[in-house]
Amino acid sequence: MSEQKGNGSRARRALITGITGQDGSYLAEFLLGRGYEVHGIVRRASTFNTERLDAIYGDPHNQGVRLSLHYGDITDGAALRRTLDRAQPDEIYNLAAQSHVRVSFDQAEYTADAVATGTLRLLEAVRDYSAEGHAVRVYQAGSSEMYGARPPPQNEKTAFYPRSPYAASKVAAHWYSVNYREAYKLFVCNGILFNHESERRGETFVTRKITRALARIKMGLQDTLYLGNLTARRDWGYAKDYVEAMWMILQQPEPDDFVVATGESHSVSEFLDLAASYLGLDWRKHVKEDARYLRPTEVDFLCGDASKAREKLGWTPKVTFAQLVKLMIEHDLELAKQETTLTKAGHHVAQRGASQR
Ligand code: NAP
Ligand code: G4F
């Protein structure tokens, strides 16, 4: 694969906020594969939070390492500005977020600080950095949650109607991005991505919570899965396909906003049907409702119309819904088998407790 060239003849440089998350880790792999030098912002934690980067992490003391991690936080503007000087990025992908919708009702102020004001801080840093003569392109991770109560199909022309502190914060971030594009002529693009999942999906999002739990039930490691609303419908795609769309959005001649979606929607109970069928289980014998997973205001029905992305970017999803569910089930069945082997050998396996969250 040919190397992407940035300023002069050096490799192009990308900075990813949220690099330790599901999308950040896939995007880092994708960009490294295209010859980029990749920089990521990592929060200091008392435990390792770089597990998803293990496959691409290289000791910085070694020659030729093209992945660099910088301590920082989207709530710390001065550190963001300094990181731009250190990383000298040609492209910035702003993926950092408190990304859990239900949690945003419990941590509303923090969610707004990270998701809305965090984006504004980054844009301010970019404005300053650009004023010093640096050409940089910014991708803002928008969400289909911004459509909230609007009926499907949702596309770039659909008005936003957010239904959570998370969604309202993403709407603010969207409009900050549009405003900085218009006011300061910055190359800022919003990707409005519908739900995308994978083997690396956080275990408290409903798809992964289901595949982890059903696989453990199959192996006799647990019996019950507690869930909230099973009737909500989502447009679920595969995360690897979606990070490619992020990159494509930043390669356009002019900055623009794009919906990225499969155009197919399924309910949570349909996800359960398919996941359980791969394991030969009857999920109704194991799933119980727990009101703690209900949201004060729910988003009932998301189904995206990604015709603009198809026509202008040439982007289409490669992995189908059935393939997505299967690959997640296969991955989590393997994890459950490993857990069984360790338990049988007398090892203590920490209960990750996804069913409790
Ligand atoms: P994720 O797995 O929850 O990852 C979020 C990332 O943000 C993690 O790296 C996390 O770091 C980091 N982060 C959280 N708070 C931060 C802070 N204060 N400062 C710096 N970094 C912080 O989310 P994802 O699924 O990869 O999603 C990526 C982005 O796309 C998010 O902005 C999300 O809201 C948005 N989005 C996701 C979807 C989807 O279906 N996945 C759809 C539309 C939009 P830690 O690892 O330290 O927690
Ligand atoms: O998996 P979820 O938590 O994802 P949600 O709320 O759609 O948000 C995800 O996708 C957004 C894109 O639209 C992103 F912006 C956001 O960052 C995140 O990645 O819930 C999906 C549906 C909801 O309707 C929820 O009420 O599943 C329902 N659900 C039912 N039981 C549950 C549960 N969700 C979770 N997390 N846990 C449950 O036990």
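In listed order, ligands and their atoms are each counted from 1.
Under 4.0 Å from ligand 2, the heavy atoms of R234 that appear belong solely to its side chain. Using a 4.0 Å cut-off between heavy atoms, R201 contacts ligand 2 through its side chain alone, with no backbone atom that close. Counting heavy atoms under 4.0 Å from ligand 2, residue V206 touches it through both backbone and side chain. Within the 4.0 Å heavy-atom criterion, the part of R295 lying near ligand 2 is the side chain and not the backbone.
Shortest contact from atom 23 (O) of ligand 1 to any protein heavy atom: S99 OG, 3.5 Å. Among protein heavy atoms, atom 20 (C) of ligand 1 sits closest to I74 N, 3.5 Å.
Ligand 2 lies nowhere less than 4.0 angstrom from a heavy atom belonging to Q22. At least one heavy atom of E145 sits under 4.0 Å from some atom of ligand 2. Residue contact check for ligand 2: H100 places a non-hydrogen atom closer than 4.0 Å to it.
Environment of CD in E132: crowded, with over 12 heavy atoms of neighbouring residues, nucleotides or ligands closer than 6.0 Å.
Checking D73, V115, T119, V101 against atom 18 (N) of ligand 1, the nearest heavy atom belongs to D73. The heavy atom nearest to atom 36 (N) of ligand 1, considering only F205, Y242, F194, Y166, is found in Y166. Of the candidates R201, E145, E197, H100, R201 brings a heavy atom nearest to atom 41 (N) of ligand 1.
Within the 6.0 Å centre-distance limit, the rings of W315 and Y242 are counted as a close aromatic pair.
Within the listing of ligand 2, atoms 38 (C), 39 (O) sit less than 4.0 angstrom from a heavy atom of Y293.
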